Every structure is written in structure tokens, then in C-alpha cells.
Amino acid sequence: MIPHNRPCVTAEDRAAVDSVLASGWIAQGPAVAALEALFVARHGGGGACAVSSGTAALFLAIRALGEKQGTVVAMPSYSCSALLNAVFMAGATPRVVDVRTDSFCIDPDALAENAADAQIVVAVHTFGAPADVTALQAGGRAVIEDCCQALGGSVDGIPLGTRGAASIFSFYASKIVTGGQGGLVWSSSAATVANVRDYREFDGRDHYVPRFNLQMTDIQAALVGSQMARIEAIRARRAQIAGAYLSALPTGLGSQSGIGSPGRMTHRFVVVAPDSRTRDRLRTHMQSAGIACIAPIERFELLHRYLGLNPEAFPAAEQLADVALSLPLHLQLTDDDVTHISNTLSDFLP
Ligand SMILES: *Cc1c(COP(=O)(O)O)cnc(C)c1O
């Protein structure tokens, strides 16, 4: 069976980890600082703070931007529960907003209509597709760019994550580069980064307040940093695989918009079927050829469903949960795998 996702760890990555293990310093230290410097350089300045997960990064970014309890934070419904968790843990109030059926990203019109009271918006660049940050900033809202699925992507040559008030990244095992776990906050605002960093340095403080330990280890940072050195090659290979699938897509099936656009980081290649029966038939068709495919977000996982809100108010998210199917797209796929997946896809009769 070709797995839907698998991390790619090279001999150089293992050597980078080994040198940390041999150094005698394996907790947060010089490798974490080096990873932060790398993100500052990529984003042309600002500051970065590496932490234990993408959820921790989002929690800290919300805390830094919305100091008051009760800050209202908007987020897309078609997304992962980590968003809700971070908002609640920060003492903020979530506003779930429907998405666009083409990009799968939060719909700025639905935001204006149904979440006008939000001071902060979490703009998830879903599966690599850029959310419309400029439209979301209307009215002076603070945008947190969630780049957990879009690291290495850019629009008009500008890296995703540089236009909002802050951006967050995840290095979980299924993401574009991984340390097993890990996360990072970047911001152009020194005050925002200082706020995040202040929380992270939980020990030995003269003024005591309760803080979780959300630190990253140098072991993780070395693994992530080593993979970051080949981020452009990772982007190119993912684009090549996505291009092969797009060409093989039979008439009657669609895909998330923007695949193949310049600078796009394709985290996932998601097929859009005309209805749920066709989606389920496609999954069986691929599976019987030894190809594992998944519904990226199941109906019960939609954030409005977790909150017990009326599903009729979120028609796009509901539809995507029914008709989307994600094909394997990762660095462990061989050219033969990609050909087999493409041929199997093109053989499908919608
Ligand atoms: C993975 C992910 C997160 C959470 O990151 P973790 O490192 O798993 O805590 C948040 N947002 C999005 C869009 C993600 O894909």
C-alpha cells in the first residue's frame, strides 16, 4: 500500500541530529536560536520564537495580540481542532466562519457578514492555498497567518507569513518539514515576539506568573533546520507531483484552486468530486490499486460541529467534508509511485 503521508528524513538530517546528541546540549539552546535566525532571514527581518507545537505557537500569538480576556478570534470552519484549542486556552472567544469552495480558505465575505466583531482572524493557508490576507485585514483586523500547511510557499515572490500581524508554523510529522513535533511564531513586531518569548522563558524569573513549558528541543530544531536547507527542492518536487495528478484528473473531477501557480507550496493534492458517492467510489478505486487516500477533514471534525452550531450556516465546509479526497503527496513517493497514482486516477470513471 502506498501510504497517504510519510516523513522524509535523509542521512544529512540524521547527521544534524547526531551532532546535537554528541554536543552534550539537547534542550533548547543554540540549534533553536539558529532555527529562529533562519526564519528571520527568510522573512526579511522581524523576530521568531520556536516552541513545542503549532498549537502552542497559535496560543502564544493570540495571547500576544489579544491581551484582554474575551478577545474574539475568527477562524475557518474547514480546519483542524488545534485552532479551537488555542483560542480557548488563550481565554479568547472563537467565531467560526465558512470557507470558499474553490480555495478551501476562510471566506472574507462570510467573515464580514457573520463575524464582524472579530478583532483577530486566523488565516489558514489551507493545504498550501494562500488565504486572502488583504481582504481579511479590512477594518483593521489583526491577521494571524497559519502557515502550518504552507511553509515555503510565496505569492508574487513574497513568502507566506510576512503580511499578517504574526504567523505560525508547525513541524509535526505530517507537515512540510518536521521535527516530529515543533512550532514557531514569526512577527515583524518586536513587541509581539518579545511577548511570546517572555512566556516561553518560564523558569528562573524574578516576577512569577504561571506558564506552561512550551519549549522546543535542540534535537527537534536540528532536524527542522536540516530540512529547511532543501525547502526549495521540497517545493519543486511537490509541485511536480501535483502537476502530474492535475494532468491525470479525469473530466468530471475537480481540484483545489491554484495548483501549479508560481510559488505555490502544495501540502496536499485534494480532488473535489461532484458528490459524496463519487468521492467514496474514487477512494475505493484508489485503495484497490494499493493507494491510500483520505478525506482530509471529516464531517464530525468541522469546527462548527464541535461547537454545536447549525450546519446549514456552513454550506461550503459541509460540502467539502463530503466531496474532498486527498491523494498521497510526499517526498517518499518514487517516480513509479507517481505514475501508478496518476494512471489509476485517470482510469477512474466519475
Ligand atoms: C498542524 C496544524 C496546526 C497545529 O499544529 P501542531 O504542531 O499539530 O500543534 C494548526 N493549524 C494547521 C492549519 C495545521 O495544519
Side-chain angles (χ1 to χ4, degrees), residues 39-40 42-43 46-97 99 103-108 110-112 115 117-151 153 155 158-172 175 182-197 199-200 214 303:
F39 271 78
V40 168
R42 280 184 63 78
H43 290 259
C49 187
V51 291
S52 56
S53 72
T55 310
L58 185 55
F59 160 71
L60 291 168
I62 291 168
R63 238 186 112 263
L65 294 173
E67 278 292 0
K68 306 182 301 296
Q69 292 279 306
T71 301
V72 176
V73 182
M75 65 184 73
S77 165
Y78 189 77
S79 199
C80 57
S81 60
L83 272 63
L84 274 184
N85 296 337
V87 167
F88 281 126
M89 294 304 286
T93 303
R95 271 296 172 273
V96 176
V97 174
V99 294
S103 67
F104 303 8
C105 294
I106 189 167
D107 180 352
L111 174 75
D117 58 342
Q119 295 106 341
I120 297 175
V121 186
V122 183
V124 180
H125 301 305
T126 308
F127 310 140
D132 190 346
V133 173
T134 307
L136 297 170
Q137 283 167 329
R141 276 185 221 100
V143 169
I144 298 174
E145 290 187 67
D146 181 335
C147 302
C148 292
Q149 304 174 348
L151 170 60
V155 174
I158 300 166
L160 291 177
T162 45
R163 291 189 300 151
S167 51
I168 62 141
F169 299 85
S170 167
F171 308 114
Y172 176 62
K175 306 298 161 97
L184 184 136
V185 180
W186 178 89
S187 178
S188 60
S189 153
T192 300
V193 177
N195 185 300
V196 170
R197 199 173 286 279
Y199 185 102
R200 188 186 65 175
L214 300 179
L303 300 189

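Sequential numbering from 1 along the given sequence is applied to the chain's residues. Bear in mind the structure is a predicted one, so any value in this text is a computation, not a measurement.
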Quick one: are [X] and [Y] in side-chain contact, heavy atoms under 4.5 Å?
| X | Y | value |
| --- | --- | --- |
| Leu65 | Ile144 | yes |
| Leu83 | Pro76 | yes |
| Val51 | Leu184 | no |
| Met75 | Leu84 | yes |
| Cys105 | Val99 | no |
| Trp186 | Val196 | no |

Any donor-acceptor pair under 3.5 Å linking the side chain of [X] with the backbone of [Y]?
| X | Y | answer |
| --- | --- | --- |
| Ser167 | Gly161 | yes |
| Ser187 | Ala165 | yes |
| Arg95 | Leu111 | no |
| Arg141 | Asp117 | no |

Nearest non-hydrogen partners of [X] and [Y], listed with the distance:
| X | Y | value |
| --- | --- | --- |
| Val185 | Ala57 | CG2-O, 3.4 Å |
| Val40 | Ala48 | CG2-N, 3.8 Å |
| Ala115 | Val97 | CB-CG2, 3.8 Å |
| Pro108 | Ile106 | CD-O, 3.3 Å |
| Ser79 | Leu303 | O-CD2, 3.8 Å |
| Ala86 | Thr55 | CB-O, 3.8 Å |

Task: Audit row: Leu60, Leu214, side chain to side chain contact (heavy atoms under 4.5 Å, CB included) steps and yes/no - done: CA-CA 10 Å; Leu60 291 168; Leu214 300 179; 4.0 Å; yes
TODO: Apply ring pair (Phe, Tyr, Trp, His ring centres under 6.0 Å) to Phe88 and Phe59, showing your working.
DONE: CA-CA 9 Å; Phe88 281 126; Phe59 160 71; over 10 Å; no
How long is the gap from [atom1] on [X] to [atom2] on [Y], to the nearest 0.5 Å?
| X | Y | atom1 | atom2 | answer |
| --- | --- | --- | --- | --- |
| Ser170 | Leu58 | OG | CG | 11.0 Å |
| Tyr78 | Ser103 | OH | OG | 11.5 Å |
| Phe171 | Ser53 | CZ | OG | 11.0 Å |
| Leu160 | His43 | CG | NE2 | 9.0 Å |

Open item on the list: Could you go through Thr71 and Ile62, starting from their C-alpha distance and side-chain angles, then the distance that decides it, and tell me whether this counts as side chain to side chain contact (heavy atoms under 4.5 Å, CB included)?
Closed with: CA-CA 9 Å; Thr71 301; Ile62 291 168; 5.8 Å; no
Open item on the list: Applying side chain to side chain donor-acceptor pair (under 3.5 Å), can you list everything that pairs with Ser77, at least two apart in sequence or on another chain?
Closed with: His304
Do any side-chain atoms of residues 124-137 form donor-acceptor pairs under 3.5 angstrom with protein atoms, and if so which ones, sequence neighbours left out?
from	atom 1	to	atom 2	distance (Å)
His125	ND1	Ala131	N	2.8
His125	NE2	Glu145	OE1	2.8
Thr126	OG1	Phe104	O	3.4
Thr126	OG1	Val124	O	3.4
Asp132	OD1	Ala135	N	3.2
Thr134	OG1	Arg163	NH1	3.2
Gln137	NE2	Arg163	O	3.0

TODO: With side chain to side chain contact (heavy atoms under 4.5 Å, CB included) as the test, would you mind laying out the steps for Val72 and Ile120 before giving the verdict?
DONE: CA-CA 7 Å; Val72 176; Ile120 297 175; over 6 Å; no
